Participant: 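My questions all concern the structure below.
As a basis for the values below, the full set of heavy atoms in this structure was taken, side chains included, without hydrogen atoms, waters or symmetry mates. Ligands are counted one by one from 1 in listed order, and the atoms in each one are counted from 1 as well. For the single chain, residues carry numbers from 1 onward in sequence order. Computed from a predicted model, the values in this text were never measured in an experiment.
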Amino acid sequence: MRIILASPRGFCAGVNMAIESLDLALQAFGPPVYVYHEIVHNRFIVSQFRDRGVVFVNDLHEVPEGAHLLFSAHGVSPEIRDLARKRRLRALDATCPLVTKVHLEAVRFSKEGYTIILIGHKDHDEVIGTTGEARDAILLVETADDVDRLDLSPDAKVAYLTQTTLSVDDARRIIERLRERFPQLAGPRKEDICYATQNRQEAVRVLSQDADVVLVLGSQNSSNSQRLKELAVERGVPAYLIDGAADIRPEWFQGDETVLVTAGASAPESVVQECLRHLQDRYRAEVEVRALRTEEVHFPLPQELRGTHGPWINSGCS
Ligand code: SF4
């Protein structure tokens with residue numbers, strides 16, 4: 001067996017920042033630290049933090065007044081920020097700056113009187129947060145066919161935004177359909193699908209040409225990981241989205257394949273390495289790293305967590 005190990009893969013700058021923030025918050029304040037929704041969409045990361053005393057909640061009423069609460073990388077709506085303030089929670093904001101960018105675009109377009117077509121997945125945390133920025137102005141579309149069903153006049157003042165973790169190809173198709181219906185369509189100054197999503201998709205697009213099977217490390221609820229699997233399947237290569245080596249099925253392999261291994265932006269490198277060890281032990285697989293790009297993106301920690309000790313310990317509500 002031959003393994004092509006894709007690079008870049010795995011953690012993006014937003015996920016790194018969110019995980020480091022939660023780690024620091026635990027060290028500084030001690031458990032329990034509360035997190036609104038999953039810190040990132042990955043089973044291993046969530047379970048490791050749960051073991052260290054993190055409590056993940058879907059409703060802020062579950063968080064005791066005055067407790068420390070972290071907003072995950074996916075961002076939250078203004079209503080949730082308000083509720084946190086009302087409940088006197090000590091909020092730490094680990095929203096990815098590239099998600100915040102989309103929030104700010106939603107606010108700008110809505111102030112300028114646009115109807116905003118948000119391209120994304122209905123129940124995704126990020127889409128729920130973005131929609132909350134301009135609830136009355138935003139219409140969600142998930143597919144190109146949804147565009148045909150929009151009840152808007154051809155000369156409507158419309159702009160589009162996208163979720164950061166979409167399929168680049170799907171988003172392009174939907175935007176083309178929007179432009180056909182609304183030639184005056186406005187859009188973000190710089191596209192919303194983030195660098196990490198684009199780079200990981202590009203790697204699968206290019207490297208899957210040489211592969212018989214694709215393994216994507218990531219959890220089922222990770223949007224960007226799902227898109228990597230779909231991209232390989234669209235290109236005619238069988239692909240599997242797995243949390244770790246325990247999910248690998250022997251019937252997927254004869255033992256002489258070329259296997260492309262990659263990981264979504266929320267999957268830790270430890271599960272990639274575990275998967276490689278499994279394939280090396282079982283099939284004497286040889287690993288070749290193929291790097292398409294280098295990534296040197298870093299995001300700062302939330303204000304309250306900068307520095308190793310000091311003022312943020314007793315910072316109160318923020
Ligand atoms: S996938 Fe992109 S938008 Fe999401 S956290 Fe990572 S860098 Fe930010």
Participant: Salt bridge or not for R200 and E295, using N-O below 4.0 Å?
Facilitator: yes

Participant: Please determine whether a side-chain nitrogen of the Lys or Arg among R227 and E230 lies less than 4.0 Å from a carboxylate oxygen of the Asp or Glu.
Facilitator: yes

Participant: Stepwise, does the side-chain contact (heavy atoms from CB on, under 4.5 Å) test hold for D148 with R177?
Facilitator: CA-CA 8 Å; D148 301 338; R177 188 80 70 96; 2.6 Å; yes

Participant: Answer yes when E142 and K122 have at least one side-chain N-carboxylate O distance shorter than 4.0 Å, and no when they do not.
Facilitator: no

Participant: Could you pull out all residues at least two apart from P238 that satisfy side-chain contact (heavy atoms from CB on, under 4.5 Å)?
Facilitator: Y240

Participant: For distances below 2.8 Å, what is the count of protein N, O or S atoms around atom 6 (Fe) of ligand 1?
Facilitator: 1

Participant: What orientation do F109 and Y114 show, parallel under 30°, tilted 30 to 60°, or perpendicular over 60°?
Facilitator: perpendicular

